[in-house]
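Data block below; observations after.
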Amino acid sequence: MSVEPRAGVEGVKICYHGGPNYAELEKWAILPDEILDFSANTNPFGPPPGITEALAEVDIAQYPDSETSELRRSLALKLGVSPQNILVGNGSTEIIRLAALAYFGPDNPVLIIEPTFGEYEVACQIVQAPVLKQQLSAQEGFKLNVKACIELIHKEKIKGVFISNPNNPTGQYLAKGEVEQILAASDSSLVVLDEAYVSFVAEAWSSLDLITAGNLVVVRSMTKDYALAGLRLGYAIATAQITTTLRRLCPPWNVNSLAQRAGILALNEEGYLEQCQLKLKSAKDFLVAELARLGLPPLPSQANFFLVKVGDGPKFRQALLQQGILVRDCTSFGLPQYIRLSPGTMPQCQRLIGAIKEIVRQRSACQLNS
């Protein structure tokens with residue numbers, strides 16, 4: 001007789017993400033190092049120089065610092081907050097789940113603004129918190145109606161709000177005043193402000209002074225900023241009361257020694273992220289212009305990624321994959337007509353445009369022959 005999981009576990013969905021699906025690559029006999037990956041919104045220029053070599057000196061026979069003390073001090077110094085205001089996680093997804101575990105339950109409705117990162121809903125499903133959704137529309141440019149959002153918070157007695165800013169996958173970025181309005185309306189709720197991609201927004205505003213409201217958790221990702229996806233590294237900024245609460249539920253040694261060391265070294269690399277931001281802007285501008293010339297104009301985005309309406313996202317993705325190029329099919333976001341692209345290096349972007357030109361050419365030929 002098999003042992004059954006607790007009620008609700010079988011209803012937790014598996015969240016689809018960008019990045020290589022290694023089983024899929026094996027099926028198509030494609031080696032992972034042969035793939036050009038435009039599906040994951042990470043820094044394509046790799047970690048800061050010297051980090052890979054420095055990690056060879058880390059003693060992996062010893063347990064890591066369970067308090068991530070040195071890394072929190074480094075982050076606190078860079079951000080101008082106290083180390084007590086910071087919790088470091090095994091990627092930002094761990095922090096999202098910790099927030100749900102600590103603050104939400106079956107009697108706590110949570111608002112999710114969609115389309116957005118699927119892990120918010122998964123976190124709610126794990127704790128059996130009911131989810132309400134505010135759906136954004138392509139016709140309105142996927143822009144949030146803040147007034148409608150606040151009305152929903154009051155009407156449904158919302159206990160939690162997840163906000164992706166800039167939003168994944170649309171790239172829309174809320175102004176500080178808009179977030180302040182939502183935060184004020186959520187005075188008895190926890191607001192999780194996911195800023196995983198804020199480092200790639202030009203003229204981004206700082207949210208850190210808002211944590212004094214006492215109901216805000218700001219989530220950020222060093223994975224994205226410094227190309228540390230293989231190590232998993234994210235952090236939360238909140239009041240000491242909130243970070244202490246989250247830490248109670250955090251597994252011991254949740255951030256391994258390699259990730260902690262890489263994070264400290266990355267923060268000490270002054271100017272590296274700024275250099276990458278400039279190169280990313282050039283690559284993004286190139287892709288936007290070339291795609292527009294091909295009749296596939298990307299949707300406006302303030303982030304380092306953007307949506308492109310291609311008609312059939314899964315089919316378009318498959319055609320590119322057969323050429324060794326990976327993009328994000330947005331069906332899991334409820335947008336099957338779109339793909340999401342995140343720029344690579346300029347030579348990679350040029351190869352992507354060449355591949356898309358071939359797909360467009362073949363599509364035109366089929367239409368002429370039909």
remark   = For Tyr338, the ring pair (Phe, Tyr, Trp, His ring centres under 6.0 Å) test, sequence neighbours excluded, returns none

ask   = Do Arg232 and Asn256 meet the criterion of a side-chain donor-acceptor pair at a distance under 3.5 Å?
value = no

ask   = With side chains defined as the heavy atoms from C-beta onward, is the minimum distance between Ser199 and Gln277 less than 4.5 Å?
value = yes

query = Just by distance, with hydrogens left out, do Thr116 and Asn167 show a side-chain donor and acceptor under 3.5 Å apart?
reply = yes

Phe104 side chain near Gln128 side chain, heavy-atom distance below 4.5 Å = no

message = Any heavy-atom pair between the side chains of Lys357 and Ile353 that's under 4.5 Å?
response = yes

query = If you draw a 6.0 Å radius around NZ in Lys13, do more than 12 non-hydrogen atoms from other residues or ligands fall strictly inside?
reply = yes

query = Is Ile60 atom CD1 crowded by more than 12 heavy atoms from other residues, nucleotides or ligands, each under 6.0 Å away?
reply = no

Qualifying residue, where the test is side-chain contact (heavy atoms from CB on, under 4.5 Å) with Ile339 and the options are Leu296, Val310, Leu307 = Val310

Pairs satisfying side-chain hydrogen bond (donor to acceptor under 3.5 Å, both in side chains), at least one member in residues 65-76, at least two apart = Asp65-Ser69

key: Working for side chain to side chain contact (heavy atoms under 4.5 Å, CB included), residues Leu210 and Glu180   = CA-CA 8 Å; Leu210 301 182; Glu180 287 176 322; 3.7 Å; yes

inquiry  = Tell me whether the rings of Phe162 and Tyr120 are parallel (<30°), tilted (30 to 60°) or perpendicular (>60°).
reply    = parallel

key: Side chain to side chain, Ile242 and Thr239, heavy atoms closer than 4.5 Å   = yes

query = Mind checking whether Tyr197 and Phe200 have ring centres under 6.0 Å apart?
reply = no

ask   = If you count the non-hydrogen atoms of other residues, nucleotides and ligands that lie under 6.0 Å from CD in Glu10, is the total more than 12?
value = no

query = Between Arg363 and Asp312, is a salt bridge (charged side-chain N to carboxylate O under 4.0 Å, His left out) present by the stated rule, with each step listed?
reply = CA-CA 12 Å; Arg363 181 188 288 179; Asp312 188 328; over 6 Å; no

note = Closest heavy-atom pair, Cys349 versus Phe38, reported as atoms and distance to 0.1 Å, is N-CZ, 4.0 Å

ask   = Do Pro166 and Gln302 come close enough that some side-chain heavy atom pair is under 4.5 Å?
value = no

key: Flag if over 12 foreign heavy atoms under 6.0 Å of OH, Tyr63   = no

request  = Could you please spell out the steps behind the salt bridge (charged side-chain N to carboxylate O under 4.0 Å, His left out) verdict for Glu24 and Arg317?
outcome  = CA-CA 13 Å; Glu24 180 185 41; Arg317 174 187 180 275; 2.7 Å; yes

task = Name all residues meeting the side chain to side chain contact (heavy atoms under 4.5 Å, CB included) criterion together with Leu55; count only those two or more places apart in sequence or in a different chain, and write none if there are none.
result = Ile51, Val58, Leu231, Leu258, Arg261, Ala262

query = In terms of heavy-atom contacts, does CD of Glu274 have more than 12 from other residues, nucleotides or ligands at under 6.0 Å?
reply = yes

ask   = Are a donor atom and an acceptor atom from the side chains of Glu195 and Ser207 found within less than 3.5 Å of each other?
value = yes

request  = For residues Ile211 and Leu216, report the shortest heavy-atom separation together with the two atoms involved.
outcome  = N-CD2, 4.0 Å

For Ile325 against Ile35, the heavy-atom pair lying closest together = N-CD1, 4.4 Å

query = Is the number of heavy atoms from other residues, nucleotides or ligands within 6.0 Å of CG (Leu31) greater than 12?
reply = yes

task = Go through the steps for Met222 and Leu267 under the test side chain to side chain contact (heavy atoms under 4.5 Å, CB included), then give the verdict.
result = CA-CA 9 Å; Met222 297 187 73; Leu267 290 171; 3.7 Å; yes

ask   = So which heavy atom on Leu87 is nearest to which on Thr243, and how close?
value = N-CG2, 4.3 Å

message = With rounding to the nearest 0.5 angstrom, report the NZ to OG distance, Lys159 to Ser189.
response = 6.0 Å

message = Quick one: does any side-chain atom of Trp28 pair with a main-chain N or O of Gly324 as donor and acceptor, under 3.5 Å?
response = no

task = May I ask you to test the Ser342-Thr42 pair for a side-chain heavy-atom distance under 4.5 Å?
result = no

message = For residues 88-115, which residue pairs pass the salt bridge (Lys or Arg N to Asp or Glu O under 4.0 Å) check, not counting sequence neighbours?
response = Arg97-Glu119, Glu114-Lys133

Check: Asn43 side chain, Ala227 main-chain N or O, donor-acceptor pair, under 3.5 Å = no

query = ring pair (Phe, Tyr, Trp, His ring centres under 6.0 Å) with Phe45: which residues, sequence neighbours excluded?
reply = none

request  = Of all the heavy-atom pairs spanning Ile112 and Cys124, show the shortest one and how long it is.
outcome  = CD1-SG, 4.4 Å

task = Taking all non-hydrogen atoms of both residues into account, name the closest pair between Asn254 and Gly89 and its distance.
result = ND2-CA, 3.6 Å

Residue pairs fulfilling side-chain hydrogen bond (donor to acceptor under 3.5 Å, both in side chains) with at least one residue in residues 318-330, sequence neighbours excluded = Arg328-Ser332, Asp329-Thr331

ask   = Around Glu156, counting heavy atoms of other residues, nucleotides and ligands shown, do more than 12 lie under 6.0 Å from its CD?
value = yes

ask   = Does Lys281 NZ have over 12 foreign heavy atoms under 6.0 Å away?
value = no

query = Side chains of Phe316 and Ile359: does their closest heavy-atom pair fall under 4.5 Å?
reply = yes

Pairwise side-chain contact, Arg340 with Val327, heavy-atom cut-off 4.5 Å (strictly under) = no

